[in-house]
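So the structure is just underneath, and the comments pick up after that.
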Amino acid sequence: MTYDVIVIGGGASGLYLAAHLKTRNALIIEKKQRVGIKLLASGSGQCNLTHAGYMNHFYECYGDKRRYVKPALSAHSNNDVIRFFESNGVNCFTREDGKVFPQSLKAMDVLSALLKACRHTQILTEKPVTAVAVEEGLYRVETAQGSYRSKNLVIATGGKSYPTMGSEGDGYRLAEQLGFHVVSPKPGLTGVVTREKSLTALSGIALKGCVITHLRSGARFKAYNGDLLFTHFGLSGPVILNNSRWFERGDTLAISFVTVSEEVLEADFLALVASDGEKPLAFFLNRLVLPDALLSLVLSKASVAREVKLANITRAQRRGLMENLCRFPVEIENLIGYQQAMVTVGGVSLDEINLKTMESLKHEGLYFTGEVLDVDGDTGGYNLQWAFSSAWCAAEAINKKLEGVKT
Ligand SMILES: Cc1cc2nc3c(=O)[nH]c(=O)nc-3n(C[C@H](O)[C@H](O)[C@H](O)COP(=O)(O)OP(=O)(O)OC[C@H]3O[C@@H](n4cnc5c(N)ncnc54)[C@H](O)[C@@H]3O)c2cc1C
């Protein structure tokens, strides 16, 4: 038997694609016992399925892939995704921070809606695909238990993060078998292990609106702004997770714990020395409204005690204080690995894909959707949105092809 479409991978993207296929002659092949395992875990089981707001803001949330994601996201937007789920019985709501969830806060409801919408698609589980080949204009898909043939093939196998949920990078191997370039994958949306172990004493402390300057080989690489969280291994929080796509082992993050520039802070300090030189350093530090444990760390780095009179602080101590408050240097020992990284950075090269249809430029009828592609979004629903938008584009293109409409 020859299927119109075979989808490899029953994750968010594969299921959304099947839900939009018009043909009933389609097959999903899934390696795990059940489909949608990662979707169930998404948003801590609540499924942050997209983000509210204008699409123009969305494009900024995919690192340097802004240009590449635009056609798919503008063809099938956040509102289209919300409309799809609401018309399939999942009411959605937008949280204060813009994240969109099902009203029930149950990822299971999202998965059930998807399964209902793709009820006409046959689903095979516990069948890891081991190889694919192009044969006489058709695709042959190999599993340990047998092979399947189709006119169109979709590779929606996800990336490498949380491998216990099925995504172990199989899609990259399949793509390479078919001659595609795969941009080296690495963990994304992940925390960093820092070389500076004294930071672990700050574990649990969260700081709002930190400015972080990213240095590589001593030179300024980028700067980021956002909320920071100290953890038992080093650093996390949105400003770290969303920018981890840029980080490499050995890079330095210079963290500013204050909201003013170093020059302004130093000028304030000197003014205080002139007006209140007899007061202790604590008088100045209290104005910064920083957690005590953090101040203790900064003081030990600057080799100065908070009881010292402002007028008695040496130039070297003042400089050390300013540097550690405004540019606290933290070297990255490592990124937290795939076991905990929420996405994969890298994947099948976008240069080999028609970004309106997700069809490969190498083989007609072969599509890639979702995280297997070289796209990673910020936290906040941007990765599921990509999984859904890219799937919708591929489904549309396949529907048109099967109907004989030229795209
Ligand atoms: C813990 C966690 C929470 C997350 N929360 C959110 C969130 O709230 N919002 C958000 O936007 N993003 C979230 N993400 C990211 C988001 O879940 C993924 O980007 C998204 O699921 C990718 O969809 P996908 O279909 O491309 O891949 P996946 O969902 O990973 O699905 C791929 C499927 O392919 C199957 N497969 C793999 N290899 C084979 C093979 N050889 N043969 C057959 N089948 C195969 C896998 O078993 C899997 O079912 C989260 C990720 C994690 C890990």
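All ligand and atom numbering here is 1-based and tracks the order in the structure.
- Salt bridge annotation for Lys222-Asp251: absent, with no cationic side-chain nitrogen under 4.0 angstrom from a carboxylate oxygen.
- Proximity annotation for atom 48 (C) of ligand 1: of Lys38, Glu30, Gln33, Lys32, Glu30 comes nearest, heavy atoms only.
- When non-hydrogen atoms are compared, ligand 1 lies under 4.0 Å from neither the backbone nor the side chain of Glu168.
- The parts of Leu384 lying near ligand 1 are both backbone and side chain, judged by heavy-atom distances below 4.0 Å.
- Under 4.0 Å from ligand 1, heavy atoms of Glu371 appear from its side chain as well as its backbone.
- A salt bridge links Arg319 and Glu262; the closest N-O separation between the charged side-chain nitrogens and carboxylate oxygens is under 4.0 Å.
- Tyr148 and Tyr3 have tilted rings, their planes meeting at an angle from 30° to 60° on a 0 to 90° scale.
- A salt bridge links Arg149 to Glu135: at least one charged side-chain nitrogen sits closer than 4.0 Å to a carboxylate oxygen.
- Set against the non-hydrogen atoms of Gly9, the atoms of ligand 1 under 4.0 Å away are 33 (C), 34 (O), 35 (C), 44 (N).
- By heavy-atom distance, the residue among Ser42, Gly159, Ala131 lying nearest atom 13 (C) of ligand 1 is Ser42.
- Residue contacts with ligand 1 for Ile29 involve N, CA, C or O but no side-chain atom from C-beta outward (heavy atoms, distance under 4.0 Å).
- Which parts of ligand 1 touch Gly43 is read off a 4.0 Å heavy-atom cut-off, strictly below it: atoms 3 (C), 4 (C), 5 (N), 6 (C), 7 (C), 8 (O).
- Here atom 25 (O) of ligand 1 lies nearest to Ser13 when heavy atoms of Gly380, Gly347, Ser13 are compared.
- In this structure, the side chain to side chain contact (heavy atoms under 4.5 Å, CB included) partners of Tyr162, at least two apart in sequence or on a different chain, are Lys38, Met165.
- Classification of the His51-His57 ring pair by plane angle, with boundaries at 30° and 60°, yields tilted.
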